[in-house]
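Predicted, not measured: the structure shown is a model, and the values here were computed from it.
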Amino acid sequence: MILATHAGYEVDDDQDRLDLDVIIGFLLTTYWSKHRSRETVERAVRRSFGVGLYEPGGAQAGFARVVGDGTTFAWLADVFVLPEHRGQGLARVLVKAVLEHPDHAGVERWMLATLDAHEVYAPLGFGPIESLDRYMVRQTPPRPTQQS
């Protein structure tokens with residue numbers, strides 16, 4: 001379903017429309033996923049709720065995924081707009097469409113982590129965690145990647 005349009009671009013939740021080669025290829029270059037294997041990134045994308053951003057010609061131009069229960073908690077992850085499409089406000093359009101998606105209406109707590117895109121998320125209501133001492137994390141070392 002088309003969730004939003006902006007300057008000829010479309011935000012769509014059709015999972016069959018996602019171009020996994022573009023998505024995975026880009027994610028493997030990011031600071032947050034470059035240590036992961038292609039198989040790990042693909043599993044994460046397939047097991048999440050993905051939303052694509054498409055240029056006027058229909059090619060994949062961006063992506064975001066949601067992990068959560070659709071009611072009490074959602075983690076916004078892997079948000080990106082390909083470099084050649086940046087500077088048009090598309091990331092904010094993409095994230096806003098994800099937040100307003102009917103499957104996520106009423107989610108009580110949205111979380112994300114970002115190193116450098118605070119200006120995208122702050123106008124959409126995201127801010128620092130106030131009671132950081134309540135939150136905990138368990139990290140395991142990444143699985144070794146298989147060499148071809």
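- Considering all non-hydrogen atoms of both residues, Tyr54 and Gly58 come closest at CD2-O, 3.5 Å.
- Under the 4.5 Å side-chain heavy-atom criterion for Ile, Leu, Val, Met, Phe, Trp and Tyr, Val81 and Val45 are members of distinct hydrophobic clusters.
- Between the CD1 atom in Ile23 and the CG atom in Leu28 there is a gap of 12.0 Å [rounded to 0.5 Å].
- When all heavy atoms of Ala44 and Arg65 are compared, the closest pair comes out as O-NH1, 3.4 Å.
- Both Ile24 and Trp32 are part of a single hydrophobic cluster, where members link through side-chain heavy atoms under 4.5 Å apart.
- With a 4.5 Å cut-off on side-chain heavy atoms, Leu94 and Phe80 do not count as touching.
- Cluster membership check: Trp75 does not share its hydrophobic cluster with Phe63, using side-chain heavy-atom separations under 4.5 Å among Ile, Leu, Val, Met, Phe, Trp and Tyr.
- Nearest approach of Pro56 to Ala7, heavy atoms of both residues: CG-O, 4.1 Å.
- A donor-acceptor pair is defined here as one N or O able to donate and one able to accept, closer than 3.5 Å; such a pair exists between the side chain of Gln60 and the backbone of Gly62.
- Within the 4.5 Å cutoff, side-chain heavy atoms of Leu82 are placed close to those of Val22.
- A donor-acceptor contact shorter than 3.5 Å is absent between the side chain of Glu108 and the backbone of Phe73.
- Scored by the salt bridge (Lys or Arg N to Asp or Glu O under 4.0 Å) test, Arg17 finds Glu10, Asp12 as partners (sequence neighbours excluded).
- Hydrophobic clustering of Ile, Leu, Val, Met, Phe, Trp and Tyr side chains at less than 4.5 Å, counting indirect connections, unites Val67 with Met111.
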Could you walk me through whether Thr29 and Lys34 satisfy the side chain to side chain contact (heavy atoms under 4.5 Å, CB included) test, starting with their C-alpha distance in whole Å, then the side-chain angles of each, then the deciding distance to 0.1 Å, before giving a yes or no? CA-CA 5 Å; Thr29 69; Lys34 66 182 173 186; over 6 Å; no

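- In this structure Ala61 satisfies the side chain to side chain contact (heavy atoms under 4.5 Å, CB included) test together with Tyr9, Leu53, Glu55, His85, sequence neighbours excluded.
- A heavy-atom distance below 4.5 Å is found between the side chains of Asp78 and Ser33.
- Checked against side chain to side chain donor-acceptor pair (under 3.5 Å), Asp116 has no partners two or more places apart in sequence or in another chain.
- The pair Glu39-Arg43 does not count as a salt bridge, with every side-chain nitrogen at least 4.0 angstrom from each carboxylate oxygen.
- For residues 89-103, the side-chain hydrogen bond (donor to acceptor under 3.5 Å, both in side chains) pairs, not counting sequence neighbours, are Asp13-His101, Lys96-Glu100.
- Note on Val11 and Val66: same hydrophobic cluster, where clusters join Ile, Leu, Val, Met, Phe, Trp and Tyr whose side-chain heavy atoms are under 4.5 Å apart, directly or indirectly.
- Taking the six-membered ring for Trp and thresholds of 30 and 60 degrees, His104 and Trp110 have ring planes more than 60 degrees apart, a perpendicular arrangement.
- Annotation: side chain of Val98 is in contact with side chain of Leu76 (closest heavy-atom distance under 4.5 Å).
- In terms of heavy atoms, Pro83 sits closest to Phe26 at CD-CE1, 4.0 Å.
- Nearest heavy atom pair, residue Thr72 against residue Val107, reads C-CG1, 4.3 Å.
- Partners of Asp19 under the salt bridge (Lys or Arg N to Asp or Glu O under 4.0 Å) rule, at least two apart in sequence or in another chain, do not exist in this structure.
- In this structure, the side chain of Ser37 engages the main chain of Thr40 through a donor-acceptor pair within 3.5 Å.
- When all heavy atoms of Ala64 and Val79 are compared, the pair lying nearest together is CB-CG2, 3.8 Å.
- Formation of a donor-acceptor pair under 3.5 Å by the Thr5 side chain with backbone atoms of Gly8 is not found in this model.
- Of the possible donor and acceptor atoms, one in the side chain of Thr30 sits under 3.5 Å from a partner among the backbone N and O of Leu27.
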Extract all donor-acceptor atom pairs below 3.5 Å that involve side chains of residues 126-137 and protein atoms in other chains or at least two apart in sequence.
{"unit_1": "Tyr135", "atom_1": "OH", "unit_2": "Arg109", "atom_2": "NH1", "d": "2.1"}

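- With hydrogens and angles disregarded, a donor-acceptor distance shorter than 3.5 Å links the side chain of Tyr31 to the backbone of Leu115.
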